[in-house]
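Here the structure is a predicted model, which means the values were calculated and not measured.
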Amino acid sequence: MLLAQENSPPAGGAQFGQIVVALLMFLLVFIPLAIFVLRTRAGKRTLVGRLADWSGELSGLPRWAALPMFVAFLSGMSALIGVYWDVPIHMELGRDEGPLANPSHYPIYFGLMGIFASGVLSAALAKGKLPKRTFKLGPHWRVPMGSVQMMLTGLVGIAGFPLDDVWHRLFGQDVTEWGPTHVLMIGGGVGVVIGLQLLLAEARQAGATGPFVRLLGPVLAGAWMMGASAFLMEFDLGVPQFPMLAQVVLVGLIGSWTLVCGRLSWGPGGALVVVAVLLVSRAVFSIIPLVADLHVASLLPYAAEAVVIEVVALLVRGPLFPVVAGLASGTLGLLGEWAFSQWLMPDPWPVADLGLFLAFGTAASIGGALIGAWQHQRIEDVAAGTRPPRAFGARHAAGLVGALGVVGLMAAVAAPLAPPPGLTADVRLTEAAAGQEISNPHGGGTPRWVDATVTISRPDLADDAVWLTGFAWQGGDFYSAPLEKLGPGVYRTAEPLPVFGQWKAGIRLHVANRLMALAPVYAPADPAANAQVIAAESGKRDFVSEISFLQRERKTDTPLVLWTVAYAVVGLIFAGMWAAFAWLYAAAAAGDPARRRETAS
């Protein structure tokens with residue numbers, strides 16, 4: 001049982017003492033790592049070096065791949081265990097007293113440091129037989145391109161921590177998963193898998209063979225599916241703050257990308273191995289939330305997409321495979337995932353919007369399949385160690401089209417729209433006969449539970465809703481249940497809503513494809529966030545942008561120019577990480593530039 005807290009936590013950045021402790025933890029990891037790097041590059045034997053040699057002999061991988069892969073695996077699992085623990089805590093208990101007051105932040109923080117350290121380890125151990133194309137770090141120090149990718153993504157993830165504190169100081173708290181700096185931490189953390197896939201290809205070029213090395217291909221594709229699927233967690237938990245169409249696009253993109261890459265790397269059954277890695281890892285991530293009596297994230301299993309891609313791979317070969325696989329996965333595969341959503345998702349995909357979802361999902365699926373095929377081909381080019389015979393444009397055109405396509409799709413569907421002027425809800429509250437069980441009582445207050453009868457001023461919007469739910473969170477639990485229709489535009493909550501203590505309750509309305517609105521029912525005063533009380537009483541309520549209610553801690557007096565600059569900085573860092581992914585893969589696959597110059601002369 002988690003401890004209750006009566007007062008509102010601070011709504012800004014961390015206290016100075018917590019910053020010092022976090023810095024000390026950082027130094028605790030990186031001072032020994034720096035000593036190891038200096039000793040290793042000086043040619044001195046170290047315990048870590050001997051461990052790398054032993055792990056290489058055991059796995060069949062070079063020393064600069066074997067131990068770093070193991071460290072990256074443990075670190076990535078640690079970070080994701082923390083993430084799947086952290087988001088339910090915020091759903092049920094609200095914001096933190098500080099970054100070190102939340103136990104879930106420790107595995108995230110140490111996991112991100114470990115991810116960056118795995119890249120540094122790989123670079124430090126880079127001696128002996130190396131791939132033909134390497135990255136020059138110094139006069140006598142060349143490292144695999146995969147090592148660079150791992151360091152870059154790890155650095156992005158670590159940078160998210162101090163940037164997150166700066167963000168809170170400038171703009172207030174943001175307890176959502178898709179907060180800009182949170183995206184940096186999650187994206188940087190899970191992006192290490194892309195570096196591991198490149199490192200594996202370079203290890204194969206250096207002579208790594210055997211069943212374990214071959215199995216790592218689909219396993220790492222599964223790890224990439226596992227990591228990328230973390231961005232769907234708010235949908236999996238039932239508190240999405242972005243349109244459902246964004247979920248559909250992400251499922252199509254992630255599924256086709258990873259399944260196509262896994263199927264091509266392994267052959268028959270490769271897509272099923274990818275899904276198996278996801279399902280096993282998600283079971284592990286559920287352990288702590290279950291023990292702590294927190295909400296456990298459900299998931300769409302990508303099983304239908306995997307079966308469809310396996311079948312297509314038996315029928316279609318060559319350049320047409322990714323296009324046909326993406327098309328089939330985006331139609332038949334997403335139809336299967338729609339069926340799974342009725343059973344598994346807190347907010348199922350409505351049949352009324354299935355045509356819209358399939359149109360966008362299919363486009364995303366084709367784009368993901370093109371990216372997955374491009375990534376696999378670059379991996380095979382690197383492993384072969386020979387420069388591909390085709391021209392640059394022919395090698396990269398399909399992948400570029402897929403990447404630009406999915407970026408455009410996400411830009412079109414991700415940003416929610418505010419409600420139209422005049423959209424209101426006439427809310428009539430009655431005292432409920434009984435309340436609901438609260439998993440982790442939090443915030444005090446005299447218990448009060450109400451039923452709500454809601455008359456919506458635009459019945460047409462309510463009839464076309466993707467979801468229309470009674471909603472409450474951050475008072476010690478989380479509740480969300482569809483409203484029951486009583487008549488045209490008139491609805492009633494199916495479950496009583498808590499309107500006391502630290503609870504925040506309202507009526508959520510989402511209309512395809514991007515309108516997301518909320519009629520507040522109750523929220524406490526929050527002096528730290530300069531938010532006024534919303535009293536639980538009958539009357540007419542204006543629908544407001546959902547995000548303005550769900551993120552009440554955000555500051556409203558920050559200049560617009562500061563918001564613009566901050567989003568631009570974070571966006572450039574995130575985009576730079578993906579640009580580095582594309583360049584490092586392309587460069588590694590192109591072979592040794594020095595040898596190409598000698599041949600040309």
Novice: Taking C-beta and beyond as the side chain, do Trp467 and Met516 meet within less than 4.5 Å on heavy atoms?
Specialist: yes

Novice: Parallel, tilted or perpendicular: which describes the rings of Phe357 and Trp349, with under 30° parallel and over 60° perpendicular?
Specialist: perpendicular

Novice: Compare every heavy atom of Arg514 with every heavy atom of Val413, then report the nearest pair and how far apart it is.
Specialist: O-CG, 3.9 Å

Novice: Determine the minimum heavy-atom distance between Asp293 and Glu92, stating which atoms define it.
Specialist: O-OE1, 4.1 Å

Novice: Would you find a donor on one side and an acceptor on the other, under 3.5 Å apart, between the side chain of Ser365 and the backbone of Gly326?
Specialist: yes

Novice: For Arg508 and Gly238, which heavy atoms make the closest approach, and how far apart are they?
Specialist: NH1-O, 4.1 Å

Novice: Taking side chain as C-beta onward, heavy atoms only, is Asp86 less than 4.5 Å from His105?
Specialist: yes

Novice: Going by distance alone, is a donor N or O of one side chain under 3.5 Å from an acceptor N or O of the other, for His442 and Gln502?
Specialist: no

Novice: Using modelled atom types and a 3.5 Å cut-off, is there a donor and acceptor pairing between side-chain atoms of Ser298 and backbone atoms of Leu344?
Specialist: yes

Novice: So do the side chains of Ile438 and Tyr479 get within less than 4.5 Å of each other, counting heavy atoms only?
Specialist: yes

Novice: Tell me the closest heavy-atom pair linking Leu93 and Asn440, and the distance in Å.
Specialist: CD2-O, 3.8 Å

Novice: Are Asp526 and Arg95 ion-paired here, with the side-chain N under 4.0 Å from a carboxylate O?
Specialist: yes

Novice: Is any side-chain heavy atom of Trp578 closer than 4.5 Å to a side-chain heavy atom of Ile194?
Specialist: yes

Novice: Is it the case that the side chains of Tyr302 and Thr258 hold a donor-acceptor pair, with the cut-off being a distance below 3.5 Å and no angle test?
Specialist: no

Novice: Do the non-hydrogen side-chain atoms of Thr331 and Leu358 ever get within less than 4.5 Å of each other?
Specialist: no

Novice: Do the ring centers of Trp178 and Phe242 come within less than 6.0 Å of each other?
Specialist: yes

Novice: Could you check whether any side-chain N or O of Glu310 sits under 3.5 Å from a backbone N or O of Ala271, counting only pairs where one atom can act as donor and the other as acceptor?
Specialist: yes

Novice: Considering non-hydrogen atoms only, spot the tightest contact between Val296 and Ser286 and give its length.
Specialist: CG1-OG, 3.4 Å

Novice: So do Leu299 and Leu278 actually touch side chain to side chain, heavy atoms under 4.5 Å?
Specialist: yes

Novice: Say whether, by atom type as modelled, one donor and one acceptor occur between the side chain of Trp503 and the main chain of Tyr522 under 3.5 angstrom.
Specialist: no

Novice: Please name all residues satisfying ring pair (Phe, Tyr, Trp, His ring centres under 6.0 Å) with Trp473, sequence neighbours left out, ordered by chain then number.
Specialist: Phe471

Novice: Using atom types as modelled and distance alone, determine if a side-chain donor or acceptor of Ser75 lies under 3.5 Å from a backbone N or O of Val71.
Specialist: yes

Novice: Working to the nearest 0.5 angstrom, can you tell me the gap between Leu216 CG and Met69 CE?
Specialist: 6.0 Å

Novice: Is the shortest heavy-atom distance from the side chain of Val249 to the side chain of Val406 under 4.5 Å?
Specialist: no

Novice: What do the steps show when you test Trp338 against Asp353 for side-chain contact (heavy atoms from CB on, under 4.5 Å), and what is the final call?
Specialist: CA-CA 11 Å; Trp338 167 82; Asp353 298 304; over 6 Å; no

Novice: Using only atom types and a distance under 3.5 Å, with no angle test, would you say the side chain of His510 pairs donor to acceptor with the backbone of Ala465?
Specialist: no

Novice: Within a radius of less than 6.0 Å around CZ of Phe70, do more than 12 heavy atoms belonging to other residues, nucleotides or ligands occur?
Specialist: no

Novice: Looking only at atom types and distance, does a side-chain atom of Ser256 sit under 3.5 Å from a main-chain N or O of Leu253, one as donor and one as acceptor?
Specialist: no

Novice: Kindly indicate, with the supporting measurements, whether the criterion side-chain contact (heavy atoms from CB on, under 4.5 Å) is fulfilled by Gln149 and Thr153.
Specialist: CA-CA 6 Å; Gln149 178 74 33; Thr153 57; 3.4 Å; yes

Novice: CG/Leu584 to CE/Met150 distance, rounded to the nearest 0.5 angstrom?
Specialist: 12.5 Å

Novice: When you look at CZ of Phe73, are more than 12 heavy atoms from neighbouring residues, nucleotides or ligands closer to it than 6.0 Å?
Specialist: no

Novice: OG of Ser329 to CD of Glu337: how many Å apart, nearest 0.5 Å?
Specialist: 8.0 Å

Novice: Taking the side chain as every heavy atom from C-beta outward, state whether Ile507 and Thr493 have any atom pair closer than 4.5 Å.
Specialist: yes

Novice: Is Thr469 reaching over with its side chain to a backbone N or O of Ser480, donor-acceptor style, under 3.5 angstrom?
Specialist: no

Novice: If you round to the nearest 0.5 Å, how far is CG of Leu170 from CH2 of Trp563?
Specialist: 9.0 Å

Novice: Please check: side-chain N/O of Ser78 versus main-chain N/O of Pro107, any donor-acceptor pairing under 3.5 Å?
Specialist: yes

Novice: Rounded to the nearest 0.5 Å, how far does CE of Met244 lie from CE of Met345?
Specialist: 9.0 Å

Novice: Please test Ile89 against Leu294 for side-chain contact (heavy atoms from CB on, under 4.5 Å), starting from the C-alpha separation and ending with a verdict.
Specialist: CA-CA 7 Å; Ile89 287 177; Leu294 294 164; 3.8 Å; yes

Novice: Is it true that a side-chain atom of Asp347 and a backbone atom of Phe235 form a donor plus acceptor pair closer than 3.5 Å?
Specialist: no

Novice: Quick check for you: to the nearest 0.5 Å, what is the distance between Ile108 atom CD1 and Ile186 atom CD1?
Specialist: 7.5 Å

Novice: For a quick test of reading the model, state the closest non-hydrogen atom pair linking Pro180 to Val570 and the distance between them.
Specialist: O-CG1, 3.6 Å

Novice: Whether the Gln375 and Trp257 side chains hold a donor-acceptor pair (N or O, under 3.5 Å, no angle test) is what I'd like checked.
Specialist: yes

Novice: With side-chain contact (heavy atoms from CB on, under 4.5 Å) as the criterion, how do His182 and Asp164 come out once you've worked through the C-alpha distance, each side chain's angles and the decisive distance to 0.1 Å?
Specialist: CA-CA 7 Å; His182 302 164; Asp164 191 51; 3.2 Å; yes

